[in-house]
Structures are given as C-alpha cells and as structure tokens.
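Computed over heavy atoms, backbone and side chain alike; hydrogens, waters and symmetry mates excluded. Bear in mind that the values here come from a model prediction, so they are computed numbers and not experimental data.
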Amino acid sequence: MGKIVFYEEKNFQGRSYECMSDCSDMSSYLSRCQSCRVESGCFMTYERPNYMGNQFFMRKGEYQDMQRMMSMGMMFDNIRSCRMIPFHRGQFRMRIHEKENFGGQMNELMDDCDNIMERYRMNECQSCNVMDGHWLMYEQPQFRGKMMYMRPGEYRNFMDMGMSGQRFMSMRRITDMC
C-alpha cells in the first residue's frame, strides 16, 4: 500500500491532503499542490484532473518544490490527480507497434529499451499491448522528455489518449518496490 501527502505550499507548508490510492481530482481538497512527500510506494502524478495531461513518476522521497522539479524532467508545476502504481512481481512483457491499431513493425520487449530506433530500427511507436508489468514510455531516447504510464492493457492509438503528436522512443519497466 502506498501513501503520498500533498501540500498547498512549498516546503511541506499549508493545507495538506493524504492519499493512499488513486485520486482523480484533488481540487476539492487543495487549491494547488506545490510540494509533496511520498512516504511509501510509487505514484504517477498528473497536471490535470482525471489522469490527464503531462505525467511525472514519483517514488519514495520528498519533493519540496514542484517548480524546481521542472529541472528534473517534470513538465508542470501543479499536481491535479494521481494514480498509485502497484508493485509487480514476475516478468515484464510489452509489444510495441510502429503504427496505430497495432499496425506496422512490431517488437516485443521484456526489458528496458533506451532507444527503439537503434535497437529495432523503428521510427516511432504509436500503439502497444502491455501484457505483463507496469511501464513508463518516454518521448525521447535515453528515458528523457515527457512520459506516460502504461499498465496492462491494449493501447490502440496514443492520440485517443490525448497524446496528439506524441511519439515514444524509449521504454522502461517500473521495478521499484511500490
């Protein structure tokens, strides 16, 4: 079980909201979120309600200034929703496809891939099927840029998920003790 505490102000000040599961909209609890503390587990945080917009992966630790987090890859300065990531025991498997609706070139991953162009000669990834485990997909090689959390399921078209123009070039397994 995970636990994350959100604070309205930097340095864990102001009103707080404690969360131990998914939260689709924090606006009824806090007017904004400027810092947070992950006491246990791992969470995906989102800039908009209902798990929409830019995403950022948070593991156990203290995040005292969301604006400063932007230098570490966070693409927004306020959290509006979060999803707890369960710990996965066992193998990891994901099929990535070059085109939407599982079209074009297909490759199966069981471990991290820091660059699909170098490894598979794929120009982009526009759909995938996550069979086992939880993954983070990144828009740039070397696990950089905007990220998206993928749990088991079929993802036929990233554009349908509000990721217009988004392409993913690297993938990483979430292996943390969440």
Given side-chain contact (heavy atoms from CB on, under 4.5 Å), test L136 with M44 step by step and report yes or no. CA-CA 10 Å; L136 292 176; M44 203 70 201; 3.8 Å; yes

Would a single hydrophobic cluster contain both M84 and V5, if residues Ile, Leu, Val, Met, Phe, Trp and Tyr are joined by side-chain heavy-atom contacts under 4.5 Å? no

Quick one: are M122 and N107 in side-chain contact, heavy atoms under 4.5 Å? yes

In short, V130 meets G133 closest at the heavy-atom pair CG1-O, 3.4 Å

Given K3, R59, K60, the one that forms salt bridge (Lys or Arg N to Asp or Glu O under 4.0 Å) with E39: K3

Rounded distance [0.5 Å steps], CE in M58 versus SG in C82: 10.0 Å

What are the two closest heavy atoms between R119 and D112, and how far apart are they? NH1-O, 3.0 Å

So which heavy atom on G145 is nearest to which on Y138, and how close? O-CD2, 4.1 Å

All heavy atoms of I116 vs all of M171, minimum pair found to be CG2-SD, 3.6 Å

Donor-acceptor contact present, side-chain N78 to main-chain C33, <3.5 Å: yes

Whether R80 side chain and T45 backbone form a donor-acceptor pair below 3.5 Å: no

Let me confirm one number: the CD-SG distance from E118 to C113, rounded to the nearest 0.5 Å. 9.0 Å

Please determine, by modelled atom types, if E124 and Q126 share a side-chain donor-acceptor pair under 3.5 angstrom. yes

Can you name the closest pair of heavy atoms from R83 and Y51 and give their distance? NH2-CD1, 2.7 Å

Is a side-chain N or O of S16 found less than 3.5 angstrom from the main chain of F6, in a donor-acceptor match? no

Closer than 3.5 angstrom, by distance alone: can the side chain of D25 be matched with the main-chain N or O of S27 as a donor-acceptor pair? yes

Start with the C-alpha gap between C42 and H134, add the side-chain angles, then the distance that decides, and say whether side-chain contact (heavy atoms from CB on, under 4.5 Å) holds. CA-CA 11 Å; C42 296; H134 299 261; over 6 Å; no

Determine the minimum heavy-atom distance between S127 and F102, stating which atoms define it. OG-N, 3.1 Å

Judged by atom type as modelled, is there a donor-acceptor pair below 3.5 Å linking the side chain of R121 to the main-chain atoms of M117? yes

Could you verify whether a donor N or O on one side chain and an acceptor N or O on the other, from Y7 and R37, lie under 3.5 Å apart? yes

Separation of N129 CG from M106 CE (nearest 0.5 Å): 10.0 Å

Aromatic ring pairing Y63/F56, orientation class (parallel under 30°, perpendicular over 60°, tilted between): perpendicular

Validation row: M26, S81 side chains within 4.5 angstrom (heavy atoms): no

F92 vs H88 aromatic rings, parallel, tilted or perpendicular, using cut-offs 30° and 60°? perpendicular

So, are R151 and D132 salt-bridged, with charged N and O less than 4.0 Å apart? no

Do Y17 and I4 sit in one hydrophobic cluster, given that two such residues count as connected whenever their side-chain heavy atoms are within less than 4.5 Å of each other, even indirectly? yes

Taking the side chain from S170 and the backbone from F143, do they hold a donor-acceptor pair closer than 3.5 Å? yes

Student check: side-chain heavy atoms of S24 and P49 closer than 4.5 Å: no

Out of curiosity, does F43 fall in the hydrophobic cluster containing F12 (side-chain heavy atoms, cut-off under 4.5 Å, transitive links)? no

Flag, side chain of S35 to backbone of D65, donor-acceptor distance under 3.5 Å: no

Hey, does M150 have a side-chain heavy atom less than 4.5 Å from the side chain of Y155? yes

Please list all pairs passing the salt bridge (charged side-chain N to carboxylate O under 4.0 Å, His left out) test where one or both residues lie in residues 94-106, with sequence neighbours left out. R95-E108

Below 4.0 angstrom, N of the basic side chain to O of the carboxylate: do R32 and E9 qualify? yes

Taking it one step at a time, do M131 and M94 satisfy side-chain contact (heavy atoms from CB on, under 4.5 Å)? CA-CA 6 Å; M131 282 97 56; M94 174 170 57; 5.9 Å; no

Are F57 and I79 joined in one hydrophobic group, where the rule is that I, L, V, M, F, W and Y side chains link up if heavy atoms are under 4.5 Å apart? yes

Say you draw a straight line from CD of Q55 to CE of M137; how long is it, rounded to the nearest 0.5 Å? 11.5 Å

Distance, nearest 0.5 Å, that separates CZ of R156 from CG of N101: 6.0 Å

Quick check against the 3.5 Å criterion: does E8 have a side-chain atom that pairs as donor or acceptor with the backbone of S31? yes

Audit row: R48, Y46, side-chain contact (heavy atoms from CB on, under 4.5 Å) steps and yes/no: CA-CA 6 Å; R48 295 195 327 244; Y46 302 81; 5.9 Å; no

N54 (side chain) donor-acceptor with E47 (main chain) under 3.5 angstrom: no

Value for CE (M169) from CZ (R144), rounded to nearest 0.5 Å, stands at 12.5 Å

Between F158 and F168 (judged by ring centroids, cut-off 6.0 Å), do the two rings come close enough to count as a pair? yes

